[in-house]
Number of protein chains: 4
Amino acid sequence: MGTQRQRLPPTVRVGQILDAALQEFSIAGYAGTRMDDIALRAGLSKGGLYAHFSSKEQVFEALLARHLCPPRLDAHALVAGSSTPRHLAERLVNHLYASLANPAMIATMRLLLAESGRVPHLARRWRQDTADAHQNDIAQLLRLARERGLCGDGVALRHPWLLLSPVVHAIFMAILVGADERINLPERREAHVALICALL
Amino acid sequence: MGTQRQRLPPTVRVGQILDAALQEFSIAGYAGTRMDDIALRAGLSKGGLYAHFSSKEQVFEALLARHLCPPRLDAHALVAGSSTPRHLAERLVNHLYASLANPAMIATMRLLLAESGRVPHLARRWRQDTADAHQNDIAQLLRLARERGLCGDGVALRHPWLLLSPVVHAIFMAILVGADERINLPERREAHVALICALL
Amino acid sequence: MGTQRQRLPPTVRVGQILDAALQEFSIAGYAGTRMDDIALRAGLSKGGLYAHFSSKEQVFEALLARHLCPPRLDAHALVAGSSTPRHLAERLVNHLYASLANPAMIATMRLLLAESGRVPHLARRWRQDTADAHQNDIAQLLRLARERGLCGDGVALRHPWLLLSPVVHAIFMAILVGADERINLPERREAHVALICALL
Amino acid sequence: MGTQRQRLPPTVRVGQILDAALQEFSIAGYAGTRMDDIALRAGLSKGGLYAHFSSKEQVFEALLARHLCPPRLDAHALVAGSSTPRHLAERLVNHLYASLANPAMIATMRLLLAESGRVPHLARRWRQDTADAHQNDIAQLLRLARERGLCGDGVALRHPWLLLSPVVHAIFMAILVGADERINLPERREAHVALICALL
DNA sequence: TATGAATGAGGCTTCATTCAT
DNA sequence: AATGAATGAAGCCTCATTCAT
């Protein structure tokens, strides 16, 4: 009967499925997405999906797990390679906005926000594994920079998360309007560098 | 049978329904909320709901419309009543965090983020009616402060939205963890004041 | 609150309601018509309707009862006033098509067909009170015409209902296409007269 | 649980469903029939129905489409094979009443009449594809019969539809009383033959 | 009599999941 | 591993009927 689709190695199939799931979930949310939608976009049938994941919930959790571990900051390398405060600020900003260029990250973030009520354990895990870790990285970076004389005793030392606020702000807007051109990323990055310099 | 038949004026009922809808939608998102849930919490029957709203979608839109218009900033009054830059910063921060004390606003904001993919027109309207308006208010505030000698030629003049970033950051975290104590609002406000002072 | 509508004498109201009911029922059938539709068209509220009829079923039966008694044929007068077979045929045709000019009759007929499964007792009553009666009238007419020498021993004498077939055919088409101009009534009447003449 | 899971090829299932739908719709009309009824009679679940038809409306339309194309008349064969006018009339009547023996056709016709207000496009299509076509067939038949000397210049030549009226009349009554014995089909056929002979 | 909010049963449709093939 | 028909539990919405005003 129906066209016999390709039989692919499991790893490849799972990747395709999670890609499809991310797109569908982030358009319509968890409850609003149908297994058919995911299957269709992944290029197999609903039944085929269940050969790889035993439930919708499992697809969802596998999905968040894959995307919620952005690259950690290498504070030592960053400080060591920076000659001036402004240079350090620029390199830090480069790192922070790298993830904004990744639509998958924005989509996952929106999903996490949308479904945090339904899967609080995932939200908590993200906060601990990612948000707190990032903040600690920044704090360590500032200590190293202070030791090297790259900064003074500004507010940032006491409240390192302030340095993250503009990028969180940008992510917030990207989630809301769809990460399109209306965010004016270059301007935001420039302003962010200036803010960091002012706070160091 | 059943509960007493409470006959209320439409205005009152609509208020009750939107209150109930906010709570339910916040817990489970749009697709995850049932009209029965809303009706039950609002104290009438599912059928009764439809005497006031013709669809679930309409309830949702009315809900967002009600909460997404936070009070505008009175730039003149704020500048006029401030003697020092720090004083101005404190008063501005007071204003900005006022909405954070309103759980309904946080809940509505989370809903808007979560469902922005489904109702892009509402997201766009919010951006124009609220986000852009706020930014313009800040810009005007800075011009006035500059005239009065309350600030210099800092980054803020060119990128007024930087002054908003920490509060957006706070809202973001509040959405994610549920606006509970883990946000440490007093500390965030103090840091925010310091940031503004540094940027003025 | 809502505009207080006029309080009319019951007889008038009932008439308005049945007029409205006929229109609505014949558009959508019994189950497809809502009490609201009838009330709206009758110019009062759903609640007001229930002041005059205690159920939808009762409205329906009152409606059919009102329209399913078309005027009987006066065979004596018809024959007495006719000088030639053609003249008689013309007068008979005039009588038969009089009801076709009444949209209410077409609508009621359609209703009866549509709902005959649901209210077989009404269908049976119509057959006896109306269809059979008409046939008998025609039979009597033919006997009288035969006595007066206005017709011979044609088929019609043995099968009087044949004289009705063309008008039933026309009603059938009118029900199906909505009694509009596409029926070409004048042509049908002329043909009908010719048919009767041929059969007498 | 429940019934055995019967997995059938779509074509078979669709046939079963339409058979079931015809019975149910005929009993209660469109609005009065529930998808559960159709599913139950077709031997699958309500949900299973939706694997083959995407809505109740679609079931209804497919149903009418299936039964509203009665066999066309082969005018040439009919005329060629007839030796006398009466013989021709008898063969024509045989053809016309063939469909009356098919209860499915009567039921479908009743449905079309009952719901013509709701689906005017189907009524129009039936008129064009079936009614008009039949009339043209009769007209052609008469022309051929005229050429062969099987008939004269009667009314029928100018109004061929007159020859159809008695069968439409019979269908009408069959719809109204349920196609049972009360129609007296043999008598009607005989009368019809006589009528045709009189009009040729 | 009349209004219209309210009820509650019921219908249409959707969709996660199962399973014969 | 894959397909897609089938199931069954919900969910949205409708509407005849009731009743406080």
Side-chain angles (χ1 to χ4, degrees), chain A residues 1-10 13 31-39 43-57 59, chain B residues 1-10 13 31-37 39 43-57, chain C residues 1-10 13 31-39 43-52 54-57 59, chain D residues 1-10 12-13 31-37 39 43-57:
Chain A
M1 308 313 154
T3 324
Q4 281 294 353
R5 308 286 173 88
Q6 236 175 309
R7 238 178 104 148
L8 296 176
R13 266 288 191 236
T33 294
R34 291 166 301 170
M35 291 298 264
D36 285 285
D37 296 332
I38 299 174
L44 41 49
S45 72
K46 188 166 36 172
L49 205 53
Y50 279 88
H52 298 280
F53 293 91
S54 65
S55 76
K56 187 179 177 182
E57 187 69 29
V59 175
Chain B
M1 316 279 171
T3 329
Q4 290 310 309
R5 184 180 287 228
Q6 275 269 20
R7 192 193 167 99
L8 297 176
R13 265 289 191 240
T33 294
R34 289 164 302 168
M35 291 299 263
D36 292 275
D37 296 333
L44 41 47
S45 70
K46 185 170 41 173
L49 214 53
Y50 282 87
H52 301 281
F53 294 92
S54 63
S55 72
K56 187 179 177 181
E57 184 72 29
Chain C
M1 310 309 156
T3 324
Q4 281 295 350
R5 308 287 173 87
Q6 237 174 305
R7 236 177 105 146
L8 297 175
R13 266 288 191 237
T33 294
R34 292 166 300 171
M35 291 297 264
D36 286 285
D37 296 332
I38 298 173
L44 41 50
S45 72
K46 188 167 34 174
L49 205 52
Y50 279 88
H52 298 279
S54 65
S55 76
K56 187 179 176 181
E57 187 67 30
V59 175
Chain D
M1 318 280 168
T3 329
Q4 291 311 311
R5 185 180 287 228
Q6 274 269 20
R7 192 194 168 98
L8 297 176
V12 177
R13 265 289 191 242
T33 294
R34 290 165 300 167
M35 291 298 263
D36 292 274
D37 297 332
L44 41 47
S45 70
K46 186 168 42 171
L49 215 52
Y50 282 88
H52 301 280
F53 294 92
S54 63
S55 72
K56 187 180 177 180
E57 184 71 29

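Below, chains carry the letters A, B, ... as their sequence lines are ordered, and counting in each starts from 1. Side-chain atoms are counted along with the backbone in the values below, which use heavy atoms only and exclude waters and symmetry mates.
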Query - Separation of atom CZ in B/Arg7 from atom C1' in F/dT18, rounded to whole Å - result: 11 Å
**Report entry** 5' priority, DNA chain E, between C/Leu49 and A/Lys46 [closest heavy atom]
**Finding:** C/Leu49
**Report entry** Side-chain donor or acceptor of C/Lys56 paired with backbone N/O of C/Thr33 under 3.5 Å
**Finding:** yes
Query raised in the report: In whole Å, what is the span from the NZ atom of A/Lys56 to the C1' atom of E/dT14?
Result: 11 Å
Report task. Using whole Å, report how far CE of A/Met35 lies from P of F/dT7. Result -> 21 Å
Requested in this report: Specify the residue among D/Ala51 and B/Gly48 whose closest nucleotide of DNA chain F lies further upstream toward the 5′ end.
Outcome: D/Ala51
Query raised in the report: Over how many whole Å does the gap from D/Leu8 atom CG to E/dA20 atom C1' extend?
Result: 12 Å
Query raised in the report: Base, sugar-phosphate, or nothing: which does B/Ser55 touch, judged by heavy atoms less than 4.0 Å apart?
Result: sugar-phosphate
Query raised in the report: In dot-bracket form, how is DNA chain E paired, counting a Watson-Crick or G-U wobble pair only if both its distances are under 3.5 Å and using | for bases paired to another strand?
Result: .||||||||||||||||||||
Query raised in the report: So do the side chains of A/Leu44 and A/Arg13 get within less than 4.5 Å of each other, counting heavy atoms only?
Result: yes
Report task. For D/Gly32 and C/Ala31, work out which heavy atoms get closest and say how close. Result -> N-CB, 3.8 Å
Query - Euclidean distance, atom CD of residue C/Glu57 to atom P of F/dC15 [Å, nearest integer] - result: 18 Å
Requested in this report: Answer yes or no: is there a donor N or O on one side and an acceptor on the other, between the side chain of A/Lys46 and the main chain of A/Asp37, under 3.5 Å?
Outcome: no
Query raised in the report: Could you give the CZ-to-P distance, from B/Arg13 to E/dG4, as a whole number of Å?
Result: 17 Å
Query - Any B/His52 side-chain nitrogen or oxygen under 4.0 Å from OP1 or OP2 of E/dG4 - result: no
Query - Residue closer to the 5' end of DNA chain F, B/Ala31 versus D/Gly47 (nearest nucleotide) - result: D/Gly47
Query - Nearest-0.5 Å distance, NE2 of residue B/His52 to CG of residue B/Leu49 - result: 8.0 Å
Query raised in the report: Taking CG from D/Asp36 and C1' from F/dA9, how many angstroms apart are they, rounded to a whole number?
Result: 13 Å
**Report entry** Toward the 5' end of DNA chain E, by each residue's nearest nucleotide, A/Arg34 or B/Pro9
**Finding:** B/Pro9
Query raised in the report: Between CE of A/Met35 and OG of A/Ser55, what distance do you get to the nearest 0.5 Å?
Result: 7.0 Å
Report summary line: Between OH of B/Tyr50 and C1' of F/dC12 the distance, given in whole Å, is 5 Å
